[in-house]
Amino acid sequence: QVQLVETGGGLVQAGGSLRLSCAASGRTLSSYAMGWFRQAPGKEREFVAAINWSGGNLRYADSVKGRFTISRDNAKNTVFLQMNSLKPEDTAVYFCAAERSRYVAMEYAYWGQGTQVTVSS
């Protein structure tokens with residue numbers, strides 16, 4: 001069992017930056033593919049970014065390419081999402097997810113509780 005806790009959300013003006021962190025406990029993250037998803041009010045949850053176990057393979061949604069960067073520190077059991085040039089449409093609850101796989105995953109078994117990101121115009 002993997003427990004995930006997201007931190008780093010908050011209120012930021014458009015054009016600003018935030019760095020989300022996802023700390024894992026219960027298992028070492030080096031055996032897991034990780035992902036970030038988001039859900040805006042009234043919308044379905046959507047994929048944001050994913051990273052394989054080593055950090056050598058990354059995937060991004062088209063809407064965040066060039067602005068967001070996913071990374072991981074397996075020694076610290078933590079995954080990050082650096083978000084730059086934020087837009088009001090990035091406003092959502094951001095979720096961290098884990099899947100026991102050495103490859104980039106699109107389906108995840110473990111989820112955090114989420115952290116709110118609000119971008120004001």
Side-chain angles (χ1 to χ4, degrees):
Q1 192 80 4
V2 176
Q3 292 81 42
L4 304 172
V5 178
E6 304 95 335
T7 56
L11 174 64
V12 64
Q13 288 189 331
S17 298
L18 282 175
R19 189 192 197 202
L20 305 184
S21 299
C22 173
S25 60
R27 290 288 187 272
T28 176
L29 268 190
S30 60
S31 299
Y32 291 79
M34 302 297 296
W36 285 97
F37 290 74
R38 67 187 182 187
Q39 187 167 18
K43 295 187 177 181
E44 293 187 354
R45 186 169 59 194
E46 65 175 358
F47 167 75
V48 174
I51 188 168
N52 76 325
W53 71 279
S54 68
N57 193 353
L58 312 177
R59 300 276 175 86
Y60 295 97
D62 288 343
S63 58
V64 307
K65 278 181 183 176
R67 300 188 298 122
F68 291 11
T69 302
I70 188 171
S71 62
R72 65 191 299 159
D73 185 339
N74 287 341
K76 296 182 178 179
N77 252 18
T78 304
V79 177
F80 306 97
L81 186 68
Q82 178 66 43
M83 305 186 296
N84 299 328
S85 302
L86 282 161
K87 305 175 181 180
E89 51 263 44
D90 294 318
T91 295
V93 178
Y94 282 71
F95 298 90
C96 172
E99 174 67 19
R100 189 171 176 85
S101 170
R102 296 176 71 83
Y103 306 102
V104 170
M106 296 307 292
E107 299 287 336
Y108 293 84
Y110 303 100
W111 293 83
Q113 294 297 309
T115 185
Q116 176 70 46
V117 171
T118 303
V119 184
S120 63
S121 58

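In this text, all values refer to a predicted model and were calculated from it rather than measured experimentally. Excluded from the calculations below are hydrogen atoms, water molecules and symmetry mates; all remaining heavy atoms, backbone and side chain alike, are included.
Applying the ring pair (Phe, Tyr, Trp, His ring centres under 6.0 Å) test to every pair with at least one member in residues 95-121, sequence neighbours left out, gives these pairs: F37-Y108, F37-W111. The list of disulfide bond (SG atoms under 2.5 Å apart) pairs with a residue in residues 66-121, not counting sequence neighbours, reads C22-C96.
Surrounding CD of Q3 are more than 12 heavy atoms belonging to other residues, nucleotides or ligands, all under 6.0 Å away.
Cation-pi check for R100 over Y32 is met; the charged atom lies under 6.0 angstrom from the ring centroid and within 45 degrees of its normal. Figure legend: cation-pi geometry between R19 and F80, with NZ or CZ positioned under 6.0 Å from the six-membered ring centre and within 45° of its axis.
L18 and L11 sit in two unconnected hydrophobic clusters of ILVMFWY residues. Membership requires side-chain heavy atoms under 4.5 Å apart, directly or through other members. Both Y94 and Y60 belong to a single network of hydrophobic side chains, linked directly or stepwise wherever heavy atoms of I, L, V, M, F, W or Y lie under 4.5 Å apart.
No side-chain donor-acceptor contact under 3.5 Å links E6 to the backbone of T115. Listed for the T91 side chain is a donor-acceptor partner under 3.5 Å among the backbone atoms of V119. Proximity of a side-chain donor or acceptor of S63 to a complementary backbone N or O of A61 within less than 3.5 Å is not detected. In this structure a side-chain-to-backbone donor-acceptor pair under 3.5 Å is missing from N52 to A33.
Nearest heavy atom pair, residue A50 against residue A105, reads CB-O, 4.0 Å. Of all non-hydrogen atoms in L58 and I51, the two that sit nearest each other are CD2-CG1, 3.3 Å.
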Side chain to side chain contact (heavy atoms under 4.5 Å, CB included) between R72 and M34, worked out: CA-CA 9 Å; R72 65 191 299 159; M34 302 297 296; 3.7 Å; yes
Q82 vs S17, side chain to side chain contact (heavy atoms under 4.5 Å, CB included): CA-CA, chis, key distance, verdict: CA-CA 8 Å; Q82 178 66 43; S17 298; 4.0 Å; yes
Pair F68-N84, side chain to side chain contact (heavy atoms under 4.5 Å, CB included): steps then yes or no: CA-CA 6 Å; F68 291 11; N84 299 328; over 6 Å; no
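Between L29 and V79 the shortest side-chain heavy-atom distance falls below 4.5 Å. Inter-residue side-chain proximity for V117 and M83 is flagged as met; some heavy-atom pair is nearer than 4.5 Å. No side-chain heavy atom of L20 sits less than 4.5 Å from a side-chain heavy atom of T7. Side-chain contact check for E46 versus R38: some heavy-atom pair is nearer than 4.5 Å.
Between atom CG of residue N77 and atom OG of residue S25 there is a gap of 8.0 Å, rounded to the nearest 0.5 Å. Here NZ of K43 is found 8.5 Å from CD of E89. Values are rounded to the nearest 0.5 Å.
No side-chain N or O of T78 forms a donor-acceptor pair with one of D73 less than 3.5 Å apart.
As a member of the Ile/Leu/Val/Met/Phe/Trp/Tyr network built from side-chain separations under 4.5 Å, W53 groups with nothing else and remains a singleton.
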